[in-house]
Each structure stands twice: as structure tokens, then as C-alpha cells.
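Just so we're clear, the structure is a prediction, and the values are computed from it rather than from any experiment. When a ligand or atom number is given, it counts from 1 through the structure's own listing order.
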Amino acid sequence: MNTPTKLSGFALGLAAVFGTAYGVGHLTGPVTPAAETRHDATDAGHDSAETDHGDGGHAATATAHLPGGLLVSERGYTLQPVTAPAGEFAFRITGPDGRPVTRYDVAHDKRMHLIVARRDLSGFRHVHPELAADGTWRVASPLAGPGVWRAFADFTPTGAEPLTLGVDVTVPGALAHRPLPAPATSTTVDGYTVTLTGAPQPGGTSRLTLTVSRDGRPVTDLQPYLGAYGHLVALRQGDLAYLHVHPEGAPGDGRTPAGPAVTFAAEVPSAGTYRLYLDFRHGDAVHTAEFTVVAGDQAAPAPAAPAPTTAPTPDADHGSPGHGHS
Ligand SMILES: [Cu+2]
């Protein structure tokens, strides 16, 4: 493994990429002293003392620098689970006016991306609910068994900025202890082997390359899934801060191969342990490869001196901001 070599080369370039908004676009908002939430007038019951905003439309205020998914209510939008029949999961998003939102922009082929994982980071699923006329989203329940789950709604209300809200949902039953798998750079899923090159470093953009093989042979005919050859979600152990990253390049752009490697530029908000979930499509099925990674190597802090960037691949400079998160 030549990961350390690549990392040191990459670390030297970190200073130059500060401000790139991959995966966690809101991180680039002004970093203000951590004021607490700005609940709007419609958010009854939360009368934060320091807030005096009347219109709920402040895109660049306190929560602008938070990772996604930590809040159940943000910028006037609130994620509300709705009672549903057995086997179904339902929710709605209420807007600044307190009413269910019914108009959404399509992002990555869908108007709503619902991601779930247990609080212990097991059971990851990424599904796409259907919207009813009254603003209720419904989907066959992705909550596979007992536990405390985090459900993330990743969406863009028409006329507003993209948003990821999160809510805890408990499925009753006997709790199983599922320790987080140890950090690893290779994993298997559905007969595929996926290897990870690169490691996330807090404070900048980190290139993570995932390479897919099957039976010892590189997979070179990955199928586009939601407009990309892969979707990467990262959840931070401890609070399940959420990052959704799309790869460099796009199917059909004339320069992006259909595997075996898919490269992402990820910005992790802090040192810590993360679980990565790579969704990719092959053989007309979507597969999810999972990795535990540790961001921030205390033994090798990023040097501050600028230096030429060592490009891990020929495409290193093609970090188009157009591929930010959905
Ligand atoms: Cu999705």
C-alpha cells in the first residue's frame, strides 16, 4: 500500500484547497462564533433567547458552517416523521410557513434522498420515497430491525438551498451489540472487492479513490447510478454528522471511465472516526461497500508550508465545484 506516500503529497496541498466546497458546501459559509440555533417564529416551543430573526431566511448565519444532518430543524424547515402502516416509513418536511413542503428541486435524479443508519452506524440504506400531494413522503421502510436509527432527508426545497435534516427513530425490539468494524482499506460486498486509497484529513479536501473488482478482475463497466458512478456518504461516529459526496467526473463526459476507480473529494469536518458507504451500480443492482476510516493522524499533522501538489492521478485538478453535494 502506498497510502502514506499519497497522503503526504496530498497534505502539502491542503492549504491551497481551503474553501473548496465538496460534499459539505455549507462549511464554507462565514465561520461565526457558535451561536445556537435560529428557530423561526413558526417553530413553536423553541424560543431561543438570543434569536430575533423574523424571516427565517438567513443563509449565512449560525448553522451555515455545521455539517449536515445534525439538526431536525434548520432555516425554518423541519423533518417530521409521520405515523405509517407497518412496513412503511413516512415523513414530511414543513417549511418556514409551518406547512408541509410540496415543491422540491430534482438533485441527482431525485427530489428526495432518504438515508438511514442505526446510531451504531450499522444498517445503512439509501432510498427514494414517493411524494404524495399533501407533502407526505412514503417508502417501504428501510429500517431493518430493532435499534435507534438516524434518518437523513437530503433535499432541496424549490427556491431554497439544499438541506439535510436528521431525526432519530426507534424501532422497538431486542438490541444487538454491533461493534464498529475496525478501520480497513478493503472490503467485500455482493461478491465485489472494493479498496480504498487515501484517507480523509480534517481542514481540507481529501481525495478518496474507491476501486471495484470482482473475481480478481477490475470492473470497468460500472453503471451510472443517479447520474454518477458512485455516491459516497460518510457518517461521523459519535454524532452521525452527515456528508454526501459525489465523484469527480460524470458518466458520458468523455473523460470519466466506468471504473474500476471512482474518486471523490471529501471534506470532513473534524478528526474522528467515520463510516464510509459507497453506493455503486453494476449488474443492474446497487451495492453498498462500507469502510471505517479515521480522519486526522496525530502522528503526521499537515505541514503548513506550501509545496507543489503531487497529483495522485492525472485528473487531480478536475475538481469542478459543479459536483457538490445534492
Ligand atoms: Cu438518493
Side-chain angles (χ1 to χ4, degrees), residues 21-26 67-70 74 77 79 81 88-93 101-118 121-132 135-144 149-158 160-167 169 189-190 194 208 210 212 222-236 240-252 262 264-266 274-291 322-326:
Y22 264 113
V24 281
H26 300 304
L70 294 175
E74 185 175 359
Y77 295 91
L79 169 55
E88 185 177 284
F89 184 74
F91 62 98
R92 59 190 177 192
I93 306 294
V101 176
T102 56
R103 294 175 63 232
Y104 296 82
D105 290 348
V106 171
H108 300 280
D109 287 357
K110 300 290 179 182
R111 290 180 295 171
M112 176 64 68
H113 301 264
L114 178 71
I115 284 85
V116 302
R118 286 191 189 84
L121 300 174
S122 69
F124 177 91
R125 290 282 309 283
H126 175 171
V127 297
H128 301 104
E130 295 291 330
L131 179 62
T136 303
W137 291 96
R138 300 180 186 281
V139 67
S141 178
L143 308 178
W149 294 80
R150 189 72 171 170
F152 301 94
D154 185 336
F155 61 96
T156 304
T158 296
E161 293 292 304
L163 196 54
T164 302
L165 301 176
V167 68
V169 182
V189 59
D190 305 336
V194 182
L208 305 176
L210 293 130
V212 183
L222 291 175
Q223 297 169 310
Y225 174 53
L226 303 176
Y229 285 127
H231 291 255
L232 188 66
V233 167
L235 299 178
R236 181 168 61 186
L240 277 69
Y242 168 95
L243 316 178
H244 187 173
V245 193
H246 295 103
E248 299 176 356
V262 185
F264 297 84
Y274 293 78
R275 189 74 165 160
L276 305 183
Y277 308 87
L278 172 72
D279 281 339
F280 65 95
R281 187 161 176 263
H282 189 256
D284 296 325
V286 176
H287 315 280
T288 304
E290 303 188 14
F291 298 83
H323 294 283
H325 69 148
S326 60

Hey, what's the ring geometry for [X] with [Y], parallel, tilted or perpendicular (30° and 60° as the breaks)?
{"X": "His246", "Y": "His244", "value": "tilted"}
{"X": "Phe280", "Y": "His287", "value": "tilted"}
{"X": "His126", "Y": "Phe124", "value": "perpendicular"}

* Asked: Do Trp137 and Tyr104 make the cut of ring centroids closer than 6.0 angstrom?
  ->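 Centroid separation for Trp137 and Tyr104: below 6.0 Å.
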* Is there an N/O/S atom in His108 that lies less than 2.8 Å from the Cu ion (ligand 1)? ->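 No - counting backbone and side chain alike, His108 has no N, O or S atom under 2.8 Å.
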* Nearest to the Cu ion (ligand 1), which N, O or S atom of His113 do we find? ->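 For His113, the N, O or S atom at the smallest distance from the Cu ion (ligand 1) is ND1.
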* Would you give the angle at the Cu ion (ligand 1) between His126 atom NE2 and His128 atom NE2, to the nearest 10°? =>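 Output for this angle: 110°, rounded to tens.
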